[in-house]
Amino acid sequence: MKKYNHLKIEKKWQKKWEKEGVFVARDNDPRPKFYALIEFPYPSGEGLHVGHPRSYTAMDIIARKRRMEGYNVLFPIGFDSFGLPTENYAIKTGRPPSEITKENIANFTKQLKMLGFSFDWDRAVTTSDPSYYKWTQWIFLQFFKHGLAYKKKMTINWCPKDKIGLANEEVVDGCCERCGTAVEKREKEQWMLAITKYADKLLEGLKDVDYIERAKVQQENWIGKSTGALLQFTVVSSQFTDKIEVFTTRPDTLFGATYMVLAPEHKIIKNVKLKIKNWDEVEKYIDTVKKKTEQERMNVEREKTGVELKGIKAINPATKEEIPIWVADYVLAGYGTGAIMAVPGHDGRDFEFAKKFGLKVREVVSPSPGLRPSSPAGRGGSKNFPSPSGRGEGDGGAYTGPGILINSGRFNGLAHETAKWKITESVGGTRKVTYKLRDWVFSRQRYWGEPIPLVWCDKCKEWVSIPESALPLKLPKVEKYQPTDTGESPLAAMEKWVKTKCPRCGGPARRETDTMPNWAGSSWYFLRYCDPHNNKEFASMEKLKYWMGSPSPQSSPIKGEEAIGNPPPLVGGVRGGVDWYNGGMEHTVLHLLYSRFWNQFLYDIGVVPTREPYKKRTSHGIILGEDGEKMSKSRGNVVNPDDIIKQYGADTLRLYEMFMGPFDQAVPWSTKSIAGVQRFLEKVWQLGSKISETSKISETSVERLLHKTIKKVTGDIEAMKFNTAIAAMMTLVNEMSKEDKLSVTSYELLLTLLHPFAPHITEELWNRIHRPSPGLRPPSPLGRGEGEGMLCQQPWSKYDPALVKDEEIELVIQVNGKVRDLVRVSVDISEEEAKVLAFQNEKVAKWFHGQEVKDVIFVKGKLINIVTQ
RNA sequence: GCCCGGAUGGCGGAACGGUUUACGCAGAGGACUUAAAAUCCUUGCCCCAAAAGGGUUGUGGGUUCGAAUCCCACUCCGGGCACCA
């Protein structure tokens, strides 16, 4: 057989699949549905990155396998096309972002099609298309109607030289990325979405979904629910009293609160200005803090800073002592009440601070006796013992674990959990739940985003939404894409567009000139895919119910062993949503949370059928450059997928990206290693010359391995262990290559298994077997399609359970856990038989000779261990 | 700083608490060839040791008959940190 020419074959099959429409998802088809989703790309000017095909190939494998298993599969693609890089490029070149976007999308489309993904291109959506963002605006109006969109003063990054608001990413070391000028903070009215109102629902919903565990944990921590207490501290000075409220999750440690700390932004500081003796110093400190970002504030390598407010004191409500009040930037204004009671005895940060400034430390919680061995130092575990709490005992001297109260008056001896609410009650405090989650800043002073469809009416004295019939509110063409000198979006410079009439009273009104953030379009795109051409609704309930519903109890019809990786059906409710969503770990907090929030809201107003948008979420690791660093233009380690496809072919690239390492971990690229998978495909190709129509499936050892491989690959795909699935197929092909003749059936089974990974070459080989031609006549094995039909439409292979069971194994004989010999025995060998074998074995005997045998451990079908120690 | 991952040969990696290194890359030896490429076969694979053997899964400790795997502490690397997508 001639060598295989990937260039010809790949184009041929891509055309054929498209022409026959084999990947078109059919609405309301009687087959069970399966919705497979990947994160749609941002069409950057650089084109496709080798990272994209990693996630896309993985879901393509799953989508193709599901089709072969009899599902009606929806595997859509689109473009998340609003965003900063395009806008910045437009500013530089003066070209309209819409034009640039169009070109980029055309390029991405071409590149994606070369990879042979089984996308349904008929459903492609583009977020910057008015027919799409019409509905993004519509959803925003629903938020607005329901009181979840509101305006609030927020600080933004401001470059005083460029006179432009900056995204966090554009701020490098506190300076403007472009001009290097120090960035200032400015107050600006911003549209906010009240995601915090959904904090509990977003937390609750995590119980019903099958997400990769670390994504769940990240979301939980991001929402950061904690139950604590609000406590009042009285502030006193010579002629004045006031109250400061603090939030604490550890009210049980109140007796140990030896000072208080206020966030530099805390409003009381200005109120008590006249009482503060060192005001100059305090003011100076607050000014320096203003220049730091939040992260910098948390980052000051354990070096805490702060200033005492001299002249005023607080009173600890439990001990009635006067304690000093400090201002320090490790306390954030946005969390809790912006003020804390500091308990250096039991909080690491407070301890650091107290140590630096010589403040009093008092221990009020003692580790329970029995929980921790006593140590001479009286604090910190002795080296040889594990910490009793399992964590949190670092931080020098602060003990943060559980224990019994001491130095706490009448509460001494109580368990700290019990003491929490008793102490809270005794000082008149209240229980309070807080979240780390903050409301979502939803407006941008930028051009390339969805216009916010609201107008300010001077007469009505409020924001009025434009009628839904007037949507989409199109993004008008502007001359310049720079934000204006005042920091407003370029839209603000278009008087004609801005000046309008109030839709309610008809009076003069002004349009909102802010646009939406890039997150908006990606928060609901999975819904639009269900009904992408609908111009009456964002998607019809009927179609949403079909694609987002849960018609089958499991996401796979295969039962038993083969269903590895499919979650069991939920007890007490039917799950709905996208059946399987794969994306990057970098999106597991923001995008995932935002889109869950939008879906939950849409569910609450009755326009989508499921509470949660995604049933199952998995993640892929990023592909690093050959140097092990993140790929970037500046490092010069970027690999262009086009070059690889041209040289090696799409099948090889797909296979390589699946083989290079564990799917969920970051792996460095290695062009050298591509040779391995390329040789493998070449071997599969050459194997075609060995098939013989007379050879029934008789090559017994290969047959057993074949069925084992079917089992392995089937399970590994479900678990996204693509690298080991490919390794198993390589082993199989190596064995098959050793045979003189191969039955058609075994070759077909191999092609079927490999097809989702390398669709073009397998389709071609399948076609060659089934095309009547000399030497390769079509037989009729296993009732598969004869002589016609494409491989992508054939049923997925089943294995014969009788053939995957081993009859013999290598029994490991150990002495004290060390391997001393291996014996080939039947799988069913009994403990007694194994003992006899082990004790009679000469190689083994010398290792326990003359010693007392204390125990013999037998693991069926695996090993026997003789213990003498 | 906080939250979440990761660390196994020269390299990418494999390994339900049970033979560390499957599969692949690179290397060495050989076959074929006028030659090269390609292909095929064979072969180590890390340290100590002449060998028997012993050690070795980032470091240190623990649990266990037995730990890469479970627990504790630490080091380094990666992702996220709310206006990059």
Side-chain angles (χ1 to χ4, degrees), chain A residues 3 39 41-42 44 80 82-85 154 156-157 165-171 190 195 213-215 217-218 220-222 224 294-302 330 349 381 383-387 390-391 393-394 436-446 517-519 522 584-591 593-594 619 621-622 624 628-630 656 659-662 664-670 672-677 679-680 682 686 721 723-724 726-731 734 737 810 812-819 821-822 854-857 859 862-863 865-869:
Chain A
K3 290 193 76 169
E39 285 164 352
Y42 174 74
S44 72
D80 190 12
F82 275 133
L84 259 193
M154 295 298 290
I156 60 162
N157 301 312
L166 297 175
N168 286 344
E169 200 200 37
E170 298 174 295
V171 181
Q190 302 274 28
I195 190 172
E213 192 54 32
R214 55 187 153 128
V217 174
Q218 284 282 61
E220 267 165 30
N221 291 344
W222 187 261
E294 198 164 289
Q295 262 178 79
E296 282 173 320
R297 282 174 59 170
M298 315 287 285
N299 206 8
V300 205
E301 280 288 270
R302 303 204 173 195
Y330 78 97
R349 289 160 303 177
K383 261 190 204 156
N384 300 319
F385 297 98
S387 149
R391 71 172 74 153
E393 208 183 325
K436 287 217 175 79
L437 183 69
R438 310 199 290 250
D439 276 345
W440 176 2
V441 183
F442 198 69
S443 41
R444 304 285 183 269
Q445 290 71 51
R446 291 291 191 148
N518 172 272
W519 304 107
S522 60
M585 270 318 283
E586 70 273 22
H587 292 292
T588 48
V589 181
L590 295 180
H591 160 66
L593 201 67
Y594 290 153
S619 275
I622 59 168
L624 306 168
E629 302 279 331
K630 203 170 171 171
Y656 172 64
F659 184 63
M660 64 197 303
D664 60 354
Q665 276 170 45
V667 200
W669 178 269
S670 164
K672 254 195 210 162
S673 300
I674 294 176
V677 288
R679 278 179 206 145
F680 165 68
E682 186 63 42
Q686 295 302 336
K721 288 159 82 174
N723 53 336
T724 52
I726 294 166
M729 289 189 278
M730 285 174 166
T731 307
N734 288 344
S737 304
E810 296 242 287
V812 176
I813 305 177
Q814 296 182 333
V815 178
N816 294 322
K818 291 213 158 74
V819 180
D821 202 12
L822 299 170
K854 295 211 174 115
D855 201 1
V856 176
I857 286 158
V859 182
K862 202 138 239 170
L863 63 80
N865 185 16
I866 299 167
V867 184
T868 66
Q869 290 165 3

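For the numbers below, each heavy atom of this structure counts, side chains included, while hydrogens, waters and symmetry mates do not. In what follows, chains carry the letters A, B, and so on, assigned in the order in which the sequence lines appear, proteins first and then strands, with residues in each chain numbered from 1.
If you check B:C25, B:C23, B:C3 against the side chain of A:Asn221, the one that comes closest is B:C3. Taking only side-chain atoms of A:Lys672, from C-beta outward, the nucleotide of B:A26, B:U19, B:C23 with the closest atom is B:A26. Checking B:C23, B:G18, B:A14 against the side-chain heavy atoms of A:Asn734 singles out B:C23 as nearest. For A:Thr724, the side-chain atoms get nearest to B:A15 when compared with the rest of B:A15, B:U19, B:G24. Listed nucleotides B:C23, B:U20, B:G18 differ in distance to A:Val819; the shortest reach to its side chain belongs to B:U20.
Using atom P as the reference point in both B:G58 and B:A67, the two lie 15 Å apart (nearest Å). With both ends at atom P, the span from B:C72 to B:C3 equals 15 Å, rounded to whole Å. On the P atoms, B:C23 is 13 Å away from B:G44, given to the nearest whole Å. With both ends at atom P, the span from B:A52 to B:C45 equals 13 Å, rounded to whole Å. Using atom C1' as the reference point in both B:C2 and B:G66, the two lie 39 Å apart (nearest Å). As rounded to the nearest Å, B:C16 and B:A22 have P atoms that lie 15 Å from one another. Comparing B:C25 with B:A38, their P atoms are spaced 12 Å from each other, to the whole Å. Going from the C1' atom of B:G78 to that of B:G10 covers 23 Å, rounded to whole Å.
The partner of B:G53 is B:C48, judged by Watson-Crick or G-U wobble contacts that both fall below 3.5 Å. Under the Watson-Crick and G-U wobble criteria, each requiring two contacts below 3.5 Å, nucleotide B:U33 is left unpaired. The pairing partner recorded for B:U19 is none, the criterion being a Watson-Crick or G-U wobble arrangement whose two distances lie under 3.5 angstrom. Of the nucleotides present, B:C77 is the one that pairs with B:G5 by Watson-Crick or G-U wobble criteria, both distances under 3.5 Å. Base-pair partner of B:C25: B:G10 (Watson-Crick or G-U wobble, both distances under 3.5 Å).
The distance from the CD1 atom of A:Ile813 to the CG atom of A:Leu822 is 8.0 Å, given to the nearest 0.5 Å. Here CG of A:Asp664 is found 9.0 Å from CE of A:Met585. Values are rounded to the nearest 0.5 Å.
Taking atom CH2 of A:Trp669 as the reference point, atom C1' of B:G24 lies 15 Å away to the nearest angstrom. Atoms CG (A:Leu863) and C1' (B:G17) sit 11 Å apart, rounded to a whole Å. When the P atom of B:G24 is taken as reference, atom CE of A:Met660 falls 17 Å away, rounded to whole Å. For A:Asn816 and B:G54, the CG to P distance is 12 Å, given to the nearest whole Å. Rounded to a whole Å, the CD atom of A:Glu682 is 18 Å from the P atom of B:A37.
Of the listed residues (A:Ile857, A:Val856, A:Val859), just one forms a side-chain contact (heavy atoms from CB on, under 4.5 Å) with A:Asn865, and that residue is A:Ile857.
An anti base is found at B:G17: its glycosidic angle is more than 90° from 0. In textbook terms, a nucleotide whose glycosidic angle is within 90° of 0 is syn, while B:G54, being further out, is anti.
The two atoms that bring A:Gln190 and A:Ser443 nearest to each other are OE1-OG, 2.8 Å, heavy atoms only.
The side chain of A:Lys862 contributes no N or O atom lying less than 4.0 Å from OP1 or OP2 of B:G66. Here A:Arg679 does not reach the OP1 or OP2 of B:A38: none of its side-chain N or O atoms lies under 4.0 Å away. Here A:Lys818 reaches the OP1 or OP2 of B:G55: one of its side-chain N or O atoms lies under 4.0 Å away. An OP1 or OP2 oxygen of B:A14 is reached within less than 4.0 angstrom by a side-chain nitrogen or oxygen of A:Asn723.
At a threshold of 4.5 Å between non-hydrogen side-chain atoms, the residues A:Trp519 and A:His591 count as touching. Under the 4.5 Å side-chain criterion, counting only non-hydrogen atoms from C-beta, A:Leu437 is in contact with A:Leu593.
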What is the per-nucleotide protein-contact pattern of nucleotides 78-85 of chain B, from the 5' end, where B denotes a base atom under 4.0 Å from a protein heavy atom, S denotes such proximity for sugar-phosphate atoms only, and - denotes neither?
-BSBBBBB

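As judged by a 4.0 angstrom heavy-atom cut-off over every strand, A:Ser670 is placed among residues making no nucleic acid contact. Within the 4.0 angstrom heavy-atom criterion, no nucleotide atom of any strand lies near A:Phe680.
Salt bridge annotation for A:Arg446-A:Glu170: present, with a cationic side-chain nitrogen under 4.0 angstrom from a carboxylate oxygen.
A distance-only check finds a donor-acceptor pair linking the side chain of A:Asn518 to the backbone of A:Phe82 [under 3.5 Å].
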